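Just so it is clear, the model here is predicted, and its values are computed rather than measured.
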Amino acid sequence: MNITRLTESPAILDRPVLFGIGGCDPSQAVDVEIVDAVSGATAGVKRLCGLPLYSVDVAPYLRNMTDIRPAREDGRAFVQPERWTAAAFVRTEGVESDTVAALYARQCPAPGQKLSNAPEIKTIGPGEYDLIAFVAQDTAPAATLTFGGPQGEYAIEVANAIVQGRVTLLPVNTAALQQRLAQDGRTIGQFRSIGVRIVNGPHTICQQYRIEPAAARQTRLAWINPLGGIDHYSFAETAEQTVSADKTIAQSAEGQYAAREITSGETVSVVSRCETPDTARWIAELIAAPRVWIDRDGEYLPVAVASRQAVTETPDIPVRIKLSLTHTCNHIL
């Protein structure tokens with residue numbers, strides 16, 4: 001019996017991730033074990049029979065191994081969240097396959113590419129947070145964050161050992177960066193931009209940030225993008241906000257009425273800044289994103305994007321994207 005990995009690693013989880021099992025006796029059943037390569041636990045078992053050759057799709061098991069969500073880090077080191085990269089192998093009758101790594105993505109990134117379709121220049125404000133994600137091409141990437149402004153430049157270096165082949169994050173946390181600058185008697189308000197340069201093996205990743213004051217009533221969203229990273233964007237204004245509640249009312253023996261179950265919902269309509277069509281198309285990824293969160297002072301709350309379409313290009317440039325968001329809570333009293 002032999003096992004062959006048929007899908008290149010890293011794979012992406014919007015399509016099958018296949019292993020071929022050959023040399024089987026068609027008259028005998030074959031139990032194929034799918035094993036989580038990170039924990040060593042068995043994720044599932046498939047029983048096959050009747051053929052000398054089988055093709056086994058492990059993508060559903062890999063999807064269950066992923067858990068991608070935003071979490072604020074201070075940005076002093078590269079971070080490798082355990083469940084951003086799924087990895088598995090298959091085993092049967094003492095024979096084990098190669099391990100396949102997989103990204104929770106709909107688009108396959110090029111080697112060394114950042115996991116985002118974001119524009120080259122993004123805006124970020126005091127207290128805001130962003131993530132630069134990539135698949136590590138070696139065990140020792142290095143990053144330089146260069147602050148630029150009228151009074152010159154100031155650079156911060158980031159370097160630490162990591163595991164090759166896994167999704168790696170460089171947090172850009174302006175609150176933590178402000179603390180770092182304060183050690184040298186500086187403030188983030190002295191600067192107008194942050195240039196990030198990451199050396200990732202033979203590849204270089206660059207991202208520019210324009211530092212802007214935080215606007216009143218702005219709403220910052222985070223979402224899983226098509227490349228398997230998490231993007232952030234601050235909508236310039238909240239156009240409308242409504243609250244609703246559905247209640248289950250019960251009457252006691254004494255004739256008193258009380259709510260026993262309350263489902264409360266919040267609907268928020270947000271409007272982007274004036275953006276170019278390319279940036280508008282990037283923001284419109286929110287409509288099809290599998291998970292979306294709203295950033296409430298560092299706490300990420302899951303929301304659903306109710307909008308099903310967005311205009312990303314008009315004869316009159318620039319463009320403003322308007323989206324409707326919903327957040328629901330259920331309380332049993």
Side-chain angles (χ1 to χ4, degrees), residues 5-19 33-44 56-73 75 77-91 96-118 129-143 158-172 198-203 205 207 222-232 285 289-293 300:
R5 176 166 52 82
L6 303 177
T7 302
E8 291 188 7
S9 182
I12 59 174
L13 292 179
D14 77 329
R15 62 192 67 174
V17 180
L18 301 175
F19 287 90
E33 186 181 4
I34 298 93
V35 182
D36 184 334
V38 177
S39 67
T42 297
V56 177
D57 181 13
V58 301
Y61 302 94
L62 287 164
R63 290 189 197 102
N64 290 335
M65 296 175 195
T66 60
D67 184 16
I68 301 177
R69 63 184 66 197
R72 292 213 172 196
E73 305 282 351
F78 291 105
V79 180
Q80 291 188 311
E82 186 173 287
R83 291 299 176 183
W84 276 51
T85 311
F89 61 89
V90 300
R91 178 168 59 205
E96 291 185 355
S97 71
D98 295 336
T99 296
V100 63
L103 306 177
Y104 193 86
R106 303 192 305 275
Q107 297 175 6
C108 187
Q113 177 186 357
K114 70 177 179 181
L115 303 183
S116 174
N117 294 316
Y129 181 82
D130 197 36
L131 285 171
I132 302 174
F134 57 96
V135 178
Q137 300 296 304
D138 64 19
T139 59
V158 176
N160 56 283
I162 58 167
V163 179
Q164 185 175 350
R166 289 177 55 180
V167 173
T168 305
L169 310 178
L170 178 65
V172 180
I198 301 170
V199 178
N200 178 26
H203 307 282
I205 297 170
Q207 180 68 62
W223 70 95
I224 299 178
N225 65 43
L227 289 163
I230 286 184
D231 280 326
H232 291 73
E285 291 178 356
R291 296 180 191 173
V292 181
W293 298 266
Y300 287 91

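Side chains of Ile230 and Trp84 form a contact here, defined as non-hydrogen atoms less than 4.5 Å apart. You'll find the side chain of Glu96 stays beyond 4.5 Å of the side chain of Val35, heavy atoms only. Asn117 is listed as a side-chain neighbour of Gln107, based on a closest heavy-atom distance under 4.5 Å. Side-chain contact between Tyr129 and Glu73 is present, with at least one heavy-atom pair separated by less than 4.5 Å. In this structure, Thr85 and Pro10 have side chains that are not in contact, with every pair of non-hydrogen atoms separated by 4.5 Å or more. A 4.5 Å side-chain heavy-atom check between Thr99 and Ser9 finds every atom pair outside the cut-off. Annotation: side chain of Glu82 is in contact with side chain of Val38 (closest heavy-atom distance under 4.5 Å).
Remark: Tyr300 OH to His232 NE2 distance equals 3.0 Å, nearest 0.5 Å. Rounding to the nearest 0.5 Å places CG of Leu115 at 8.5 Å from CG of Leu169. Here the straight-line distance linking atom CZ of Arg106 with atom CG of Leu13 works out to 12.0 Å at 0.5 Å rounding. Remark: Ile132 CD1 to Ile198 CD1 distance equals 4.5 Å, nearest 0.5 Å. Between Ile68 atom CD1 and Trp223 atom CH2 the span is 15.0 Å, to the nearest 0.5 Å. Atoms OH and CG, from Tyr104 and Asp67 in turn, are 10.0 Å apart once rounded to the nearest 0.5 Å.
Gln80 and Thr168 form a side-chain donor-acceptor contact under 3.5 Å, judged by distance and modelled atom types alone.
In this structure, Arg69 places its CZ atom where only 12 or fewer heavy-atom neighbours from other residues, nucleotides or ligands lie under 6.0 Å away.
Asn160 places a side-chain N or O within 3.5 Å of a backbone atom of Phe78 that can act as its donor or acceptor partner. For the pair Ser97 (side chain) and Val90 (backbone), a donor-acceptor distance under 3.5 Å is present. The main-chain N or O of Gln137 is found under 3.5 Å from a side-chain atom of Asn200 such that the two form a donor-acceptor pair. Thr66 contributes no side-chain N or O that, together with a main-chain N or O of Ala86, makes up a donor-acceptor pair within less than 3.5 Å. Using a distance-only test at 3.5 Å, with no hydrogens or angles considered, no donor-acceptor pair links the side chain of Asp57 to the main chain of Leu18.
Of all heavy-atom pairs between Glu285 and Pro226, the closest is OE1-CD, 3.2 Å. Heavy atoms only, all atoms of each residue included: Ile12 and Cys108 are closest at CD1-N, 3.8 Å. Of all heavy-atom pairs between His203 and Pro111, the closest is CE1-O, 3.3 Å. The nearest pair of heavy atoms linking Ile162 to Ala140 is CG1-N, 4.5 Å. Minimum interatomic distance between Ala118 and Ser116 (heavy atoms only, all atoms of both residues): N-OG, 2.9 Å. Heavy atoms only, all atoms of each residue included: Gly229 and Ala133 are closest at CA-CB, 4.3 Å.
Ion pair Asp231/Lys114 not flagged as a salt bridge, since none of the NZ, NE, NH1 or NH2 atoms sits closer than 4.0 Å to an Asp/Glu carboxylate oxygen.
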- [ ] List the steps and the verdict of side-chain contact (heavy atoms from CB on, under 4.5 Å) for Ile34 and Phe19.
- [x] CA-CA 10 Å; Ile34 298 93; Phe19 287 90; over 6 Å; no
